[in-house]
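First listed ligand is number 1; within each ligand, the first listed atom is number 1.
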Amino acid sequence: MSKFRLPLREDLIGQDPYGAPQDRVVARLNVNENPFAPSQELRQALAAAVMESSAEINRYPDRDAEQLRGALSNYIVREAGITVAWEQIWVANGSNEVMSHVMSAFGGPGRVALTFAPTYSMYPDYARDSFTNLITIERTADFTIDVGGACEAIVANRPSLVLVASPNNPTGTETPLDALRALAECAEHNNALLVVDEAYAEFRRDKESTAIRLLHQFPNIIVTRTMSKAFGFAGARVGYCLASSPAIINALMLVRLPYHLSAITQAVAIAALSMTGELANQVENLRSERDALVQDLLDLNIQVVPSDANFILFGQFPSRHDVWQALLDRGVLIRETGPEGWLRVSIGTPEENKLFIESMRNIMNLNPIL
Ligand SMILES: *Cc1c(COP(=O)(O)O)cnc(C)c1O
């Protein structure tokens, strides 16, 4: 018998990989995707882009993805009404990869990142993988951030990175621009970057509150965004960030893998960014479906956290797992995540939302004490 033992890093022993279920159920409402499939027209444009870019597939892609960063700059002018130069934009395989670049360049051994829980479940993983010490401050009872307390924690812990997801996952809570401004100022005085994860930006109720507005006012802001959620492009893996200065982007380029973003990915992303018309309708639909679903849950006497995202955190159930399972038995897959007793449901198509809420009504009628 071989005595070989896998020389796995000590800190990875016994850990599980990220793994939201990908079951084929009737209503998949567990990972906050855009539920609408792309139109035939968009698919044809994507196919044409693949055809064209494949003519040079024997060559490495544009390392710096300059054309795509230009297309993202144009998109931000249209979506947020703010001009951000392409040199202030970085793009990678999902905003998860962007965030891992941020952690590698600005975190690292002996360094601290600060965040506000409950929040995105991947932050501890990015910290672990970059050997950054992650310090977690609890949000208040309504899942907002106590800015005074946050600044004290910044002064006490001297982080190089302060991470705020806004709208936050899994709570849907937005951090108002005034609070972000105060955090940015406190971070600036303590030599930290403020990273605002805006994966759900397009769904917020107040469109004016994006942290992109702060890029020109502070030297220390990174706003991450993604094409995975509102944009309906989760399968293509494209995320990006916008930063106060090109110097921040240059730092990220130090730690990316060579040719990290494939020519195919760059080409289809550029094609999709030139056809954002159908997207606007879908986002409007999802926002109004969300608001209607919030009301339907409240009508069932269920607590709901106000949501600026394409999902809703609701509860609190003495046994949330039983509710989760009862929904799955009815063909509805949601996410068992967040603080004890709460569940998270993504906004789906009108039919999926109807199946979800009718299942909930049925479950609560059968067993009101769940
Ligand atoms: C979904 C999500 C992301 C996006 O991940 P991608 O890698 O871009 O698909 C980032 N941040 C948060 C908080 C999310 O919920």
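Inspection of the N34 and Q282 side chains reveals an N or O donor paired with an N or O acceptor under 3.5 Å. Remark: the T265 side chain and the R237 side chain contain no N/O donor-acceptor pair separated by less than 3.5 Å.
In this structure, V155 shares a hydrophobic cluster with no other residue, the cluster being traced through Ile, Leu, Val, Met, Phe, Trp and Tyr side chains under 4.5 angstrom apart. Hydrophobic side-chain contacts under 4.5 Å tie L254 into a cluster, directly or through other members, with V255.
In this pair, Y123 and Y126 present their aromatic rings tilted. The plane angle is within the 30 to 60° band.
The 4.0 Å heavy-atom shell around ligand 1 contains residues G94, S95, N96, Y120, N169, D197, A199, Y200, T226, S228, K229, R237, ordered by chain and number.
Residue pairs meeting the ring pair (Phe, Tyr, Trp, His ring centres under 6.0 Å) criterion with at least one partner in residues 174-202, sequence neighbours excluded, are Y200-F311.
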